[in-house]
K.L.:
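Take this structure first; my questions come after.
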Amino acid sequence: QNFIVAYSDVQPGAALVRAAQPDEYCLILPEKELGATVTARAETVEVAGGSIVFVPPGASRITLKDAGRVIRIFSSVAADLAAACSNAVSNAQPHANVALLEPWPEPRGGFKVRAYSLDAGGGEGRFGRIFRCTTLMVNMLDPRFGLRDVTALSPHHHDDFEQGSLVIDGGYIHDIRWPWTPDMRIWREDEHELMAAPSLTVIPPPSIHTSRSVLPGLNQMIDIFSPPRLDFSQKPGWVINAADYPMPGETA
């Protein structure tokens, strides 16, 4: 409902252009071998591979230096991109269980190209590397090598926001269970969906869910939320770029 994912396999010199982007968006360069030149708001920034970048509203251009994978994440405020989505019909109307998108405060120092290394270390009790902007939160989950221990899963649910689970390497099974209601006629069967890279699974509230890597070798997944999660943001040290992006109620 609130976010859009574009996954691109690009050739050297490819340019990804937004002429009039209404709000910030996210660029992820997952491979250290693939850097980019990002131009926006009269500034040009050379971004190394293995980075996450928040690109300001307005006109922007991303030029890729080599071949590889590029991920962009937008809010659904970008009407042209929302209309182009393969599942646009599913989100033509707001879903009752999903809160509408309300942007968080503008970044400290104003909008500009902001790039961060994906090599940032883990924090106390934090899983993955978490970043946010005014409309999105992205969690680069720790890579898993081989199968996840099925005796140490993490089933949980969300009250009012979707979770996007973007698999970029390997494969995961998403285990999804719907809470029972008093009306048994609307109960649903459990789902155990195998999703290999590249794939996006949108997990709706209030379903109970967990994910497990199931292929040998590297398994890598990115979790996406819109707007940013307040619970993660309130945990000291969890959001790596929290100093740049105030929470609601804070001043820039």
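Heads up: numbering here begins at 1 and tracks the sequence.
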K.L.:
Tabulate below the donor-acceptor pairs under 3.5 Å that side-chain atoms of residues 173-180 make, not counting sequence neighbours, or state none.
P.N.:
unit_1: His174; atom_1: ND1; unit_2: Ser211; atom_2: OG; d: 2.7
unit_1: His174; atom_1: NE2; unit_2: Thr201; atom_2: OG1; d: 3.3
unit_1: Asp175; atom_1: OD1; unit_2: His192; atom_2: ND1; d: 2.5
unit_1: Asp175; atom_1: OD1; unit_2: Arg212; atom_2: NH2; d: 3.0
unit_1: Asp175; atom_1: OD2; unit_2: Arg212; atom_2: NE; d: 2.6
unit_1: Arg177; atom_1: NE; unit_2: Asp190; atom_2: OD1; d: 3.0
unit_1: Arg177; atom_1: NE; unit_2: Asp190; atom_2: OD2; d: 3.0
unit_1: Arg177; atom_1: NH2; unit_2: Asp190; atom_2: OD2; d: 2.6

K.L.:
Salt bridge (Lys or Arg N to Asp or Glu O under 4.0 Å): which pairs involve residues 27-38, sequence neighbours left out?
P.N.:
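As it turns out, the salt bridge (Lys or Arg N to Asp or Glu O under 4.0 Å) pairs with a partner in residues 27-38, which skip direct neighbours, are Glu31-Arg69, Lys32-Asp119.
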K.L.:
Does CD belonging to Glu46 count more than 12 external heavy atoms closer than 6.0 Å?
P.N.:
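Result for CD/Glu46: enclosed.
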K.L.:
Would a distance-only check, ignoring hydrogens and angles, find a side-chain to backbone donor-acceptor pair under 3.5 Å from Asp66 to Leu34?
P.N.:
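Flag not set: sc Asp66 to bb Leu34 has no pair under 3.5 Å.
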K.L.:
Could you pull out all residues at least two apart from Asp149 that satisfy salt bridge (Lys or Arg N to Asp or Glu O under 4.0 Å)?
P.N.:
none
K.L.:
Is there a donor-acceptor pair under 3.5 Å between the side chain of Gln21 and the backbone N or O of Asp23?
P.N.:
yes
K.L.:
Exactly one of Leu64, Ile28, Ile62 should register a side chain to side chain contact (heavy atoms under 4.5 Å, CB included) with Val70. Which one does?
P.N.:
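One option only clears the test, and that one is Leu64.
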K.L.:
Check ring-ring contact (aromatic ring centres under 6.0 Å, His included) between Tyr25 and all other residues, then give those that pass, not counting sequence neighbours.
P.N.:
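For Tyr25, the residues satisfying ring-ring contact (aromatic ring centres under 6.0 Å, His included) (neighbours in sequence not counted) are Phe74.
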K.L.:
Under 4.5 Å between side-chain heavy atoms, chaining through other members, with only Ile, Leu, Val, Met, Phe, Trp and Tyr counted: pull out the rest of the cluster around Leu147, sorted by chain and number.
P.N.:
none
K.L.:
Can you list the residues that meet the salt bridge (Lys or Arg N to Asp or Glu O under 4.0 Å) rule with Arg229, with sequence neighbours excluded?
P.N.:
Asp231
K.L.:
What's the verdict on ring pair (Phe, Tyr, Trp, His ring centres under 6.0 Å) for His156 and His209, showing C-alpha distance, side-chain angles and the deciding distance?
P.N.:
CA-CA 6 Å; His156 61 284; His209 57 277; 4.2 Å; yes
K.L.:
Looking at every heavy atom in both Asp159 and Pro205, which two are closest together, and how far apart are they?
P.N.:
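Smallest heavy-atom distance, with atoms named: O-CB, 3.6 Å.
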K.L.:
Can you name the ring-ring contact (aromatic ring centres under 6.0 Å, His included) partners of Phe161, sequence neighbours left out?
P.N.:
His158, Phe225
K.L.:
Going by atom type alone, with no hydrogens or angles, which donor-acceptor pairs under 3.5 Å involve a side-chain atom of residues 4-12 and a protein atom two or more places apart or on another chain?
P.N.:
none

K.L.:
Sorted by first residue and then second, give each ring-ring contact (aromatic ring centres under 6.0 Å, His included) pair with at least one member in residues 27-53; sequence neighbours left out.
P.N.:
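Not a single pair qualifies under ring-ring contact (aromatic ring centres under 6.0 Å, His included).
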K.L.:
Of all residues at least two apart in sequence or in a different chain, which pass the salt bridge (Lys or Arg N to Asp or Glu O under 4.0 Å) check with Asp244?
P.N.:
Arg114
K.L.:
Anything under 3.5 Å between a donor and an acceptor, one on a side chain of residues 132-141, the other on a protein residue two or more places apart or in another chain? List them.
P.N.:
unit_1: Arg132; atom_1: NE; unit_2: Tyr245; atom_2: O; d: 3.2
unit_1: Arg132; atom_1: NH1; unit_2: Ser233; atom_2: OG; d: 3.0
unit_1: Arg132; atom_1: NH2; unit_2: Tyr245; atom_2: O; d: 2.4
unit_1: Thr134; atom_1: OG1; unit_2: Glu24; atom_2: OE1; d: 2.9
unit_1: Asn139; atom_1: OD1; unit_2: Arg129; atom_2: N; d: 3.3
unit_1: Asn139; atom_1: ND2; unit_2: Phe127; atom_2: O; d: 3.4

K.L.:
Counting N and O atoms only, with roles assigned by atom type, does the side chain of Asn219 sit under 3.5 Å from a partner on the main chain of Gly171, one being a donor and the other an acceptor?
P.N.:
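Side chain of Asn219 to backbone of Gly171: a pair is present.
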K.L.:
Share the residues that join Val77 in a hydrophobic cluster, the rule being Ile, Leu, Val, Met, Phe, Trp or Tyr side chains under 4.5 Å apart at the heavy-atom level.
P.N.:
Leu101
K.L.:
When you look at CD of Glu43, are more than 12 heavy atoms from neighbouring residues, nucleotides or ligands closer to it than 6.0 Å?
P.N.:
yes
K.L.:
Between Gly146 and Ser213, what is the shortest heavy-atom contact and its length?
P.N.:
O-OG, 2.9 Å
K.L.:
Judged by modelled atom types alone, do Ser117 and Ser51 share a side-chain donor-acceptor pair under 3.5 Å?
P.N.:
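No, because no side-chain N or O of Ser117 sits under 3.5 Å from a partner of the opposite role on Ser51.
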K.L.:
Flag yes if more than 12 heavy atoms outside Lys235 fall under 6.0 Å of its NZ atom; otherwise flag no.
P.N.:
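For Lys235, atom NZ is not crowded (no more than 12 foreign heavy atoms under 6.0 Å).
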